[in-house]
Amino acid sequence: MSRKSLGKILPLNGDRHTVHGSASGQEPPSRVVVLGVGNMLLSDEGVGVHVVNALAAQYQETSDVAITDGGTGGMELLPLLDGAGHLIVVDALRCGQPPACIVRLEYAEVPAYFKTKLSPHQVGISDLLAALAFKGAVPGHVVLIGVEPANLSLGMELSPEVQECLEEVKNVVVAELEAIGHPIHPRI
Amino acid sequence: MTTRITIDPVTRIEGHLRIDVEVENGKIARSWASGQMWRGIEKIVLNRDPRDAWTILQRICGVCTVVHAVCSVRAVEDALKLDVPLNAQYIRNMMLTAHAIQDHIVHFYQLSALDWVDVVSALRANPAKAARFAEGVSDWEGNSEAVMAHTQERLKAFVGSGQLGVFANGYWGHPEMKLSPEINLMAVAHYLQALEVQRCSSKIVGTLGAKTPHIQNLAVGGVSNPIATDSEGVLTLERLMQIKEQIDELGAFVHNCYLVDVAAIAAFYPEWLRMGAGVNDFLSTPDLPIDTKGTRFMTPGGFIPGGDLSSFRPVTRFGDAYFTGGVAESVKHAWYTYRKGAGELQPWKGETTPAYTDFQDDGKYSWVKAPTFYGKPAQVGPVAAVLAGLAVGDKSTASYLERLNQKVSALSARQVEASELNSTVGRHAARAIRACVAYECLKANWQLLMDNIGKGDMTTFNKPTFPKGEIMGVGQEEAPRGLLSHWVVVKDGRIANYQAVVPSTWLAAPKNDSEQRASYEVALQGTPVADPTRPLEALRTVHSFDPCLACAVHLTDLERKTDIQVTAL
């Protein structure tokens with residue numbers, strides 16, 4: 001399977017996008033999971049975790065929005081995702097863009113996607129989503145916010161480029177939540 | 001004719017593993033296991049405070065967070081010869097066993113069952129017949145006709161909506177699939193129940209560890225859980241009673257469902273008890289300490305040469321010189337280099353200097369180092385642990401093997417001999433036995449903790465102090481996938497060297513300095529492969545080890561295509 005067939009990759013530069021999937025606003029409020037994934041020990045590989053940690057520090061979690069550091073986990077994240085209406089994954093994503101480019105993948109249908117190695121931990125997430133699909137409890141709407149890494153070597157610091165775009169990635173996630181009717185607000 | 005099959009990556013595992021096999025006359029003649037990601041994680045903790053290492057090292061692997069965290073604090077405690085309060089031992093033991101049970105359940109149902117269970121065949125099953133079969137072998141509560149019928153309806157909807165493709169490498173319709181539609185349906189029902197039950201483990205680890213998947217309650221010298229019988233926000237009796245409920249739920253499942261399902265696989269695939277034998281020398285470590293010094297344990301461990309239980313030599317304590325003196329790592333066929341003339345290096349002296357070449361059949365071909373015990377490879381994992389239990393007459397291990405065999409013989413005219421545990425299906429059997437033993441230990445640790453608190457002992461932490469000069473320590477752990485050891489050298493209170501020798505390193509290693517093969521490669525040889533484009537048989541054997549390469553190695557190449565390539569040579 002080629003990467004292209006998995007979903008649209010949209011550079012975000014100010015581009016707003018419509019949200020597909022089951023969220024229509026009329027349905028009862030569903031649970032949203034913002035999941036940062038990646039390995040914090042490998043520089044930019046951990047950007048997803050850095051983003052959610054920053055979000056969790058800055059924004060108030062709400063009863064319907066969970067902001068979680070998923071690390072490189074797989075099946076043990078099942079209780080968290082089980083029955084969530086929306087899943088927003090934040091991750092390092094190598095797809096041939098310039099470093100620190102933010103991309104957004106949207107999957108209109110559920111979830112063969114994570115199977116190819118866009119990112120290594122997605123092997124675990126693919127098993128997780130497959131199990132959830134089988135169970136009939138896969139999130140109806142999945143968005144992946146990816147950041148093109150500049151440096152994947154050993155280290156706990158982000159590259160300067162990716163560090164610099166962190167604020168923008170956070171804003172993208174916040175806008176995403178706003179767009180699906182689950183806004184979060186800064187801590188006072 | 002020789003056909004070369006490259007499976008890269010192996011799916012339904014954690015981490016990234018490549019397997020190459022050459023098939024001659026329908027059987028695997030040569031095999032290579034290759035970790036495709038580089039591990040240099042140890043380098044990141046150099047010069048850091050040893051008290052912080054565990055928070056970083058639990059990030060080595062997203063699945064085994066608790067496992068690495070505990071092993072890391074044990075290594076530093078061993079270096080300091082620091083006593084660990086009883087309450088802390090019990091709490092750690094509970095987290096480790098709860099995690100192990102979850103790991104085994106998920107491995108069997110979510111990651112391996114599709115190697116044996118044809119989900120599509122279950123569509124043709126008669127739910128009443130499936131329930132009669134299931135209720136005939138076990139009084140598990142999830143075996144009723146209503147459950148089977150409901151499962152089949154859900155499966156119909158799932159397959160009907162064209163979603164079956166989400167399962168990577170599911171080989172439905174493969175001629176090697178031998179279960180009846182009814183047993184397949186039962187297995188699908190249990191697959192879904194396993195998803196529910198495994199949450200109990202997450203809740204236990206989350207309650208004790210303050211958070212999951214990345215726990216927060218450990219400390220060199222104990223745990224940071226304040227224990228109190230009367231206040232909020234700490235480990236209260238109320239929370240401990242909730243944990244007991246989760247323990248009971250896990251126990252019912254592993255006892256009445258998991259062990260029985262594995263017995264059914266053994267009964268209906270008996271030929272796989274004679275295939276897939278790995279290295280026949282076994283190494284394990286005692287674990288679940290019940291004293292403050294790491295000298296008394298709930299489960300035994302040691303070395304068993306040639307699979308001969310009477311030759312068992314125990315590892316008697318954490319830091320046992322027989323153990324620490326025997327472990328070394330070879331990089332002759334791995335993408336690393338040691339300083340000139342080093343040979344195999346003991347982990348305290350270990351080096352992690354990458355030296356990548358291409359995949360060379362006879363040269364270097366893996367990012368996984370090759371560990372040895374007194375110069376030879378050893379098989380670690382559930383089989384080694386079960387055999388150690390049998391060797392010392394551990395009652396719990398023996399009784400669960402017996403229970404397994406009651407079920408196997410009820411379904412077929414045979415039993416599983418201890419010597420057959422070293423096989424593809426035998427490893428699943430050993431793992432199920434280990435899950436049951438882990439449940440017994442989890443329950444017992446809960447009681448020990450309650451009793452100790454009842455005596456008024458609320459201590460959970462002994463403060464470490466680091467001396468000037470150099471000290472060394474080892475953390476040993478019988479992790480879900482087998483023996484794990486963390487090796488630390490501390491100089492003037494800072495980490496001077498750190499090596500983690502993980503279970504999948506022992507198993508998935510390339511050849512060592514003496515050209516001896518490790519268990520994956522050994523186990524694959526002789527395995528029949530009926531259809532090279534669908535090498536189900538090879539995957540059965542590889543999956544039976546529960547590969548977890550995330551910690552063994554680390555990623556270099558993201559953009560390569562995933563596939564099974566078949567080449568005629």
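Side chains included, hydrogens not; waters and symmetry mates left out as well; all remaining heavy atoms used. If you're wondering where the values come from, they're calculated on a predicted model, not measured in any experiment.
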Most contacts with chain B, counted as non-hydrogen pairs under 4.5 angstrom, among A:D69, A:L132, A:L78: A:D69
Qualifying salt bridge (charged side-chain N to carboxylate O under 4.0 Å, His left out) pairs with a residue from residues 128-147 of chain A, counting only residues at least two apart or across chains: A:D82-A:K135, A:K135-B:E196
Atom CD of A:E164: over 12 foreign heavy atoms under 6.0 Å: no
Nearest heavy-atom neighbours spanning A:L41 and B:I44: O-CD1, 3.2 Å
Enclosure of A:E61 CD (heavy-atom neighbours >12, cutoff 6.0 Å): yes
Contacts with chain A made by residues 52-59 of chain B (heavy-atom distance under 4.5 Å), listed by residue number: B:I56, B:R59
A:F134/B:V188 under side-chain contact (heavy atoms from CB on, under 4.5 Å): CA gap, chis, key distance, verdict: CA-CA 10 Å; A:F134 198 5; B:V188 172; 3.5 Å; yes
